[in-house]
Amino acid sequence: MIAQEALEVWAKGREFPYLSDFDKEKYFQFLKDGYKSTDDDERGWSIEAMYRLLWDFNEKQRDEAIRILIASVLDHNVKCSERAVKGLQFALEFMNAEHAFLTLVKLRSVTEVEPEIIQVVSIEISYSLYVLFSGDRKMLAEALKTLLHLEHVNPEWLKRTVPSVSRLHSLSSTMSQGVILSQIGIIRNGYNTLRQMDDFDSSSISRIHIWPDYLKDLKGIETLKHIVIVCYLDEQTPLKDNASIRQKQKHNPEFGQFATSHPLRRNPICYKTGAFAGIEDNILLVQGIRVLDMTPVVDIRAANIHDMNGLSLCATK
């Protein structure tokens, strides 16, 4: 029977790697036929052999094997499902983005009625993919979605596996809604056009009107010499490429946006460091910040060595 042949393939350990390509393909076909069997034992052994031979399969065979494991996660036979999820743990090092995506989608079908071993391994696989593919925005979103689904399936094990479950919720919210900034005030200084800004007087005083809800946060600000004002450049359209930067001769045309201080950014946020010049009720007076009149303010903070002169605390060797 194919089940016995499948068992022998992996149980003999080193036999498969030394077979001819023809015989390897024949064995692999046996395993695929076994996976389609209506006999639970035969299907189960074929699934197990699939993941135990992942290291010995060629690239095409390995791709097929991983897809079979993914498809088998919710097999009608519990033992086959257990073998499939365990196999996906073995397959992690071979997974590409497509495999990972299909795996995460499939694991979102795991429910509270599945045996705990399937729930546990599903959580561990999802968290591994969350870490492995965190540099891919689409994959990170899928991993978060799956982990939050599995939180309802087995919250205790999710807590044991993930260092901070609350961090998952926060990151998921940020990725789905975008970064949300609260405006805390507005700048008044009389510079209404960019042309006027060309003649900016560094001794001029900007009056920053603070909304009432944030007045308590001004406590102690009079002790500072310099203040950083974080602004949202509401008139600027977020920059999608480096075209505008390349037009400026002072910037290296080969540099990307993140390697320049050009005011046009993908996210129109800037910070300006100025000198504290006083406070009048809800109005903070700051000298030397070059921004347009009525610019929204999203944060105010004390200046440190980085804001004053751009020096890094890291020693240069």
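Since the structure is predicted, the reported quantities are computational estimates derived from the model, not experimental observations.
- Annotation for S173 and S176: closest pair O-OG, 3.1 Å, computed over non-hydrogen atoms.
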Test side chain to side chain contact (heavy atoms under 4.5 Å, CB included) on L104 and M139; report intermediate values, then the result.
CA-CA 9 Å; L104 291 167; M139 289 302 306; 3.7 Å; yes

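- Listed here is the closest heavy atom pair of E112 and H152: OE2-O, 3.5 Å.
- To the nearest 0.5 angstrom, D23 atom CG is 9.0 Å from F30 atom CZ.
- No hydrogens or angles considered: a donor-acceptor pair under 3.5 Å links the side chains of D201 and S203.
- Y232 and I180 fall into different hydrophobic clusters, where Ile, Leu, Val, Met, Phe, Trp and Tyr are joined by side-chain heavy atoms under 4.5 Å apart, directly or via other members.
- Looking only at side-chain heavy atoms (C-beta outward), L54 and F94 come within less than 4.5 Å of each other.
- Using a 4.5 Å heavy-atom cutoff, the side chains of V297 and V230 are not in contact.
- Checking each of K32, K24, Q29, E25 against Q61 for a side-chain hydrogen bond (donor to acceptor under 3.5 Å, both in side chains) leaves exactly one that passes, namely E25.
- Hydrophobic clustering places I300 together with L224 (ILVMFWY residues linked when any side-chain heavy atoms are closer than 4.5 Å, directly or through intermediates).
- Residue-environment remark: CD (E116) stays at or below the threshold of 12 foreign heavy atoms within 6.0 Å.
- No donor-acceptor pair closer than 3.5 Å links the side chain of Q119 to the backbone N or O of V110.
- Qualifying side chain to side chain donor-acceptor pair (under 3.5 Å) partners for D299, counting only residues two or more places apart in sequence or in other chains: none.
- Scanning both residues, S182 and Y214, for their nearest heavy atoms gives CB-OH, 3.8 Å.
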Let's go through N189 and S204 carefully: what are the C-alpha distance in whole Å and the side-chain angles of both, what is the deciding distance for side chain to side chain contact (heavy atoms under 4.5 Å, CB included) to 0.1 Å, and is it a yes or a no?
CA-CA 8 Å; N189 59 14; S204 64; over 6 Å; no

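- The neighbour count for N96 CG, taken as heavy atoms of other residues, nucleotides or ligands under 6.0 Å away, is above 12.
- At a threshold of 4.5 Å between non-hydrogen side-chain atoms, the residues I123 and V120 do not count as touching.
- Using a cut-off of 4.0 Å between Lys/Arg side-chain N and Asp/Glu carboxylate O, K60 and E64 are scored as salt-bridged.
- Taking 4.5 Å as the limit, some side-chain heavy atom of L181 sits within range of a side-chain heavy atom of I269.
- For the pair K159 and E151, the salt-bridge criterion is not met [side-chain N within less than 4.0 Å of a carboxylate O].
- The pair R43-D75 counts as a salt bridge, with a side-chain nitrogen and a carboxylate oxygen less than 4.0 angstrom apart.
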Evaluate side chain to side chain contact (heavy atoms under 4.5 Å, CB included) for E280 paired with L285, printing each intermediate quantity in order.
CA-CA 8 Å; E280 301 172 356; L285 306 177; 3.6 Å; yes

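- Under the side-chain contact (heavy atoms from CB on, under 4.5 Å) criterion, S109 pairs with L74, not counting sequence neighbours.
- Among I186, N192, T193, I187, the one residue that satisfies the side-chain contact (heavy atoms from CB on, under 4.5 Å) test with D293 is N192.
- L144 and L171 make their closest contact through CD1-CG, 3.8 Å (heavy atoms, listed as atom of the first residue, atom of the second, distance).
- Taken from CE in M175 to OG in S170, the straight-line distance is 12.0 Å, to the nearest 0.5 Å.
- F101 and I70 fall within a single hydrophobic cluster, where Ile, Leu, Val, Met, Phe, Trp and Tyr side chains are chained together by heavy-atom contacts under 4.5 Å.
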Take I210 and I283, measure what side chain to side chain contact (heavy atoms under 4.5 Å, CB included) needs, and give me the verdict at the end.
CA-CA 6 Å; I210 308 298; I283 300 174; over 6 Å; no

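- Put simply, the side chain of I68 reaches to within 4.5 Å of the side chain of S72, judged on heavy atoms.
- For the pair V298/I184, no side-chain contact is recorded, criterion being any heavy-atom separation below 4.5 Å from C-beta on.
- In summary, D63 and R67 engage in a salt bridge, as defined by a charged side-chain N under 4.0 Å from a carboxylate O.
- With rounding to the nearest 0.5 Å, the separation of CH2 in W55 from CD in E93 is 5.5 Å.
- Counting heavy atoms from C-beta outward, I125 and V121 have side chains that approach closer than 4.5 Å.
- We find the OG-CD1 distance between S81 and I118 to be 4.5 Å, quoted to the nearest 0.5 Å.
- Closest approach of L69 and A84 over heavy atoms only: O-CB, 3.5 Å.
- Contact check for Y35 versus I47: side-chain heavy atoms found under the 4.5 Å cut-off.
- Of all heavy-atom pairs between I205 and A277, the closest is CD1-CB, 3.8 Å.
- Rounded to the nearest 0.5 angstrom, L150 CG and Y127 OH are separated by 14.0 Å.
- Residue pairs meeting the side chain to side chain donor-acceptor pair (under 3.5 Å) criterion with at least one partner in residues 83-92, sequence neighbours excluded, are E48-R83, Q89-E124.
- When each of T103, L107, T146, L147 is tested with L129 by the rule side-chain contact (heavy atoms from CB on, under 4.5 Å), just one qualifies, namely T103.
- With R62 contributing its side chain and F57 its backbone, the two residues share a donor-acceptor pair below 3.5 Å.
- By the 30° and 60° cut-offs, the orientation of the rings of F200 relative to Y191 is tilted.
- Distance alone, capped at 3.5 Å, is enough to place a donor-acceptor pair between the H149 side chain and the R108 backbone.
- Taken together through direct or relayed side-chain contacts under 4.5 Å among Ile, Leu, Val, Met, Phe, Trp and Tyr, Y271 and L218 form parts of separate hydrophobic clusters.
- Between the CE atom in M197 and the CZ atom in R290 there is a gap of 4.5 Å [rounded to 0.5 Å].
- Under a hydrophobic-cluster definition in which Ile, Leu, Val, Met, Phe, Trp and Tyr are linked whenever side-chain heavy atoms come within less than 4.5 Å, directly or via other members, V131 and L168 are assigned to the same cluster.
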